[in-house]
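Remember, it's a predicted structure, so these values are computed and weren't measured experimentally.
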Amino acid sequence: MKRFFLIMLMICITGIASVFAASIHQITLGEEGESFLFFNDSELYLMLPYEKKMMKLDRKLLAYDKDGFLKLTFNGRQALIIDGQGVKQLFANFRSDGKNKYDRYSNSEDSAGDGTPFHSYNVKSISASSSLKEEQYGQDVVYAPINLFRAFEIGCRCHPYWWNYSHIPWVEGAKGYGINETISVEFKNQIYGFSILNGYADIQNMKLFKENSRVKKLKVEDLTNKLEYTMNFEDKVYFNYLELSKPSKSIKLTILDVYKGTKYQDTCISALIENTRAPSKDDREDDWETKDFEDYKALCSYSDDTSLFKKYFEYVSQPSGNSSIYEKTETVKKTKNLFNKDFYRIDDYEKIYVSEDTDSRYATLSLALGSNKYDSQNVDMYIDEYGYKHLKLFGKNKKLEHHFTIIDTHTAKVSEDKSEWLSEPNLFRYSFFEHNSEFLKDDKKAVQKYFSFPSNKHDNGYNIKTYNASSYLKDGKTSYAPENTARIYAMPLLYKQVKLWSNQIKPWAEGKKGDGIGETFEFDMSSSARFPRDVRILNGYVDPLKPHLFKENNRIKKALLQTDTGIKKEFEFRDEVEFTQIILPEDVKHVKLTILEVYKGTKYQDTCITSVEVLEKASEK
């Protein structure tokens with residue numbers, strides 16, 4: 001009898017050990033092999049193989065927060081972990097210099113460009129029953145299913161790093177919570193399983209996970225083998241893995257149930273990672289974490305030297321309670337590339353070069369100003385409350401080095417001519433106003449530098465002979481006549497940057513009651529040109545010293561352009577503070593614009609044009 005109980009006791013102990021082993025999770029901290037985190041439901045170890053030291057931590061230090069993210073708190077610092085079976089990663093903030101070679105969650109200089117494509121190479125085709133579409137910053141945003149494969153590059157089988165900071169998830173576009181909405185994926189090579197990162201998982205705005213709906217139950221159809229599976233999800237940010245009983249090249253996912261969002265009904269899925277590696281008899285995949293744990297545990301001795309562990313942990317953590325890195329709600333929007341070209345000459349000595357990662361919706365910017373380089377962590381681009389673009393460049397310790405307000409150029413296509421001359425404009429007009437205050441108007445030195453009293457220097461309309469309009473506004477002694485558009489800024493002699501503006505800008509404003517629909521603005525150009533006409537129109541009421549006037553007044557949204565040569569075409573202005581460039585054939589001498597639709601002002605109904613400029617397209621080649 002005693003022998004029987006002894007055998008049973010040994011079986012129970014073996015069973016407990018097996019359960020313990022199967023539940024061990026391993027996270028690589030920092031450089032490969034430098035430090036590791038091992039944990040299960042009851043124990044937590046921090047190991048330093050190079051130092052041959054290990055420390056057992058209180059398991060309560062590793063916990064999911066209210067937003068559904070797993071965080072480790074140690075010695076006054078905190079690191080963020082996204083865990084899972086087969087695919088897991090620790091995410092950390094950057095050091096104060098903006099670069100962290102230990103941080104795999106970055107689009108830094110070492111992890112951007114052609115050498116690090118996002119994870120979509122095995123996708124042959126992908127579709128969804130619906131996808132959410134919305135407008136942000138005047139741009140159409142589609143939360144398409146291909147986004148599932150653009151979250152990161154897979155550096156090895158268990159580490160998704162070089163994460164795309166600009167990534168957005170797939171979001172279903174059906175009314176309600178997306179029940180029965182589907183995603184279908186066909187792969188080039190067969191897969192043996194896959195992991196799903198559920199919900200809207202964004203470490204820069206972690207509240208989005210709970211605010212949006214997440215999948216609770218998912219039906220998985222293996223279309224290749226006609227098999228069906230069910231995936232159940234816990235309501236937290238982690239990689240949920242499904243192993244297929246047979247290799248497949250085609251799957252279909254159907255939402256059966258969701259965790260409802262606290263703010264939005266939209267159901268999201270952030271990423272899908274397929275496993276293309278066939279299992280083998282000698283495969284240690286199921287127990288490699290346990291084996292590593294036992295190996296390192298045998299190698300390392302226990303230590304209570306907190307300073308030693310702190311040295312390694314600080315590279316992958318940030319001070320506890322500091323959410324400025326993880327939760328930059330506006331970071332993605334501010335680092336969106338608002339530039340319309342990649343090179344700008346600021347003055348004789350300073351130039352701005354712009355490069356970006358074109359695989360993502362929001363570009364990861366890299367700028368060079370003179371001899372200084374700025375990566376995405378040190379660049380902010382945004383549109384302020386008045387509609388003006390801003391660029392901020394930060395140096396060491398996040399100190400602001402340059403702040404520009406920008407007026408850029410957008411080219412509108414109105415001619416059907418497919419010639420090189422008309423399809424590729426060579427000249428852009430722009431202004432970079434550098435200032436030390438939040439708004440240009442509040443920096444007296446900058447105002448004196450870029451603005452002056454009206455004079456014959458402000459001659460942007462010198463190539464225009466006559467102006468005419470169907471009406472114009474008169475307000476007391478102030479006249480908003482069409483010829484006002486010729487006296488806004490001084491024409492640059494050598495460069496494209498406008499440096500001198502009038503400090504008393506008055507645009508053309510139509511004088512018809514209402515929004516000015518049907519009103520016309522016309523001008524005659526000088527004698528025939530040798531090259532195509534390069535017309536630049538500054539739409540709306542643009543006065544950088546009175547920036548509120550742009551949004552307060554109407555701006556043209558859609559116009560009909562007619563010329564004396566028979567061109568008749570509708571085109572649209574973007575609702576941005578920018579020059580709209582139109583390239584017309586060289587024989588055009590007369591242009592007529594008819595207002596068809598407007599962006600309505602918040603205070604006034606008057607529709608305005610601030611300036612018109614005409615050059616020959618080759619004039620500054």
Side-chain angles (χ1 to χ4, degrees), residues 25 27 63-71 80-91 105 118-120 123 126 128-132 143-152 154 158-160 163-164 167-174 176-185 191 193-221 229-244 251-275 326:
H25 295 242
I27 301 293
Y64 282 92
D65 66 9
K66 60 180 177 61
D67 294 316
F69 285 82
L70 183 62
K71 294 179 180 177
L80 173 64
I81 295 169
I82 296 183
D83 192 27
Q85 180 184 354
V87 181
K88 57 198 69 178
Q89 181 60 48
L90 180 140
F91 300 110
Y105 189 104
F118 294 123
H119 183 60
S120 60
V123 176
I126 185 168
S129 54
S130 67
S131 296
L132 179 66
Y143 295 85
I146 191 60
N147 294 345
L148 297 176
F149 297 91
R150 290 179 174 170
F152 39 71
I154 298 296
C158 60
H159 288 290
W163 196 288
N164 179 6
H167 174 253
I168 58 174
W170 169 70
V171 183
E172 49 77 27
Y177 292 98
I179 303 300
N180 294 322
E181 291 302 291
T182 63
I183 300 173
S184 298
V185 188
I191 66 171
F194 57 87
S195 293
I196 286 180
L197 183 59
N198 191 28
Y200 200 140
D202 183 351
I203 72 164
Q204 294 180 310
N205 194 1
M206 291 185 283
K207 65 182 181 179
L208 290 175
F209 181 74
K210 289 293 180 76
E211 286 185 347
N212 288 274
S213 298
R214 294 83 62 198
V215 175
K216 187 175 184 180
K217 182 181 290 188
L218 194 68
K219 181 173 74 173
V220 179
E221 296 175 77
Y229 307 82
T230 299
M231 290 185 74
N232 294 302
F233 293 80
E234 297 181 62
D235 195 19
K236 59 186 182 183
V237 179
Y238 74 110
F239 293 101
N240 192 6
Y241 184 75
L242 175 68
E243 183 175 349
L244 301 176
I251 61 173
K252 182 179 180 180
L253 313 178
T254 304
I255 300 172
L256 301 181
D257 196 7
V258 302
Y259 297 101
K260 294 182 178 180
T262 59
K263 189 173 183 180
Y264 308 106
Q265 291 184 326
D266 311 310
T267 299
C268 312
I269 299 177
S270 287
L272 190 152
I273 312 160
E274 75 276 21
N275 176 20
Y326 291 149

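Between the CG atom of Leu218 and the CG atom of Asn240 there is a distance of 9.0 Å, given to the nearest 0.5 Å. Separating the CZ atom in Phe209 from the CG atom in Asp202 is a distance of 12.5 Å, to the nearest 0.5 Å. Here the straight-line distance linking atom CZ of Arg214 with atom CG of Asn198 works out to 8.0 Å at 0.5 Å rounding. Distance CD1/Ile183 to CH2/Trp170: 4.0 Å, rounded to 0.5 Å. The OG atom of Ser131 sits 11.0 Å away from the CD1 atom of Ile146 when rounded to the nearest 0.5 Å. Here Leu132 contributes atom CG and Ile168 contributes atom CD1; the two are 9.0 Å apart, rounded to the nearest 0.5 Å.
Counting all heavy atoms, side chain and backbone alike, Lys207 lies closest to Asp67 at CA-OD1, 3.8 Å. Ser195 approaches Phe239 most closely through the heavy-atom pair CB-CB, 4.2 Å. Listed here is the closest heavy atom pair of Lys217 and Asn232: CE-OD1, 3.4 Å.
Lys236 meets the side-chain hydrogen bond (donor to acceptor under 3.5 Å, both in side chains) test with Glu234; sequence neighbours excluded. Take Asn180 and apply the side-chain hydrogen bond (donor to acceptor under 3.5 Å, both in side chains) test, not counting sequence neighbours, and it matches no residue.
The residue from Asn275, Ile251, Val185 that alone fulfils the side-chain contact (heavy atoms from CB on, under 4.5 Å) condition with Phe194 is Ile251.
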Note to self: Please determine whether side-chain contact (heavy atoms from CB on, under 4.5 Å) holds for the pair Val237 and Leu197, giving the CA-CA distance in whole Å, both sets of side-chain angles, and the decisive distance to 0.1 Å.
What the structure shows: CA-CA 7 Å; Val237 179; Leu197 183 59; 4.0 Å; yes
Check: Can you list the steps and then say if Phe149 with Glu274 is a side-chain contact (heavy atoms from CB on, under 4.5 Å)?
Finding: CA-CA 9 Å; Phe149 297 91; Glu274 75 276 21; 3.6 Å; yes
Note to self: Would Leu253 and Ile196 count as a side-chain contact (heavy atoms from CB on, under 4.5 Å) here? Give the steps.
What the structure shows: CA-CA 11 Å; Leu253 313 178; Ile196 286 180; 4.1 Å; yes
Distance-only criterion, 3.5 Å: show the donor-acceptor pairs between side-chain atoms of residues 256-271 and protein atoms not counting sequence neighbours.
residue : atom : partner : partner atom : Å
Tyr259  : OH   : Phe233  : O            : 2.5
Thr262  : OG1  : Lys210  : O            : 3.4
Thr267  : OG1  : Tyr177  : O            : 2.6
Ser270  : OG   : Gly199  : O            : 2.5
Ser270  : OG   : Ala201  : N            : 2.9

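In this structure, the side chain of Asn147 does not engage the main chain of Tyr143 through any donor-acceptor pair within 3.5 Å.
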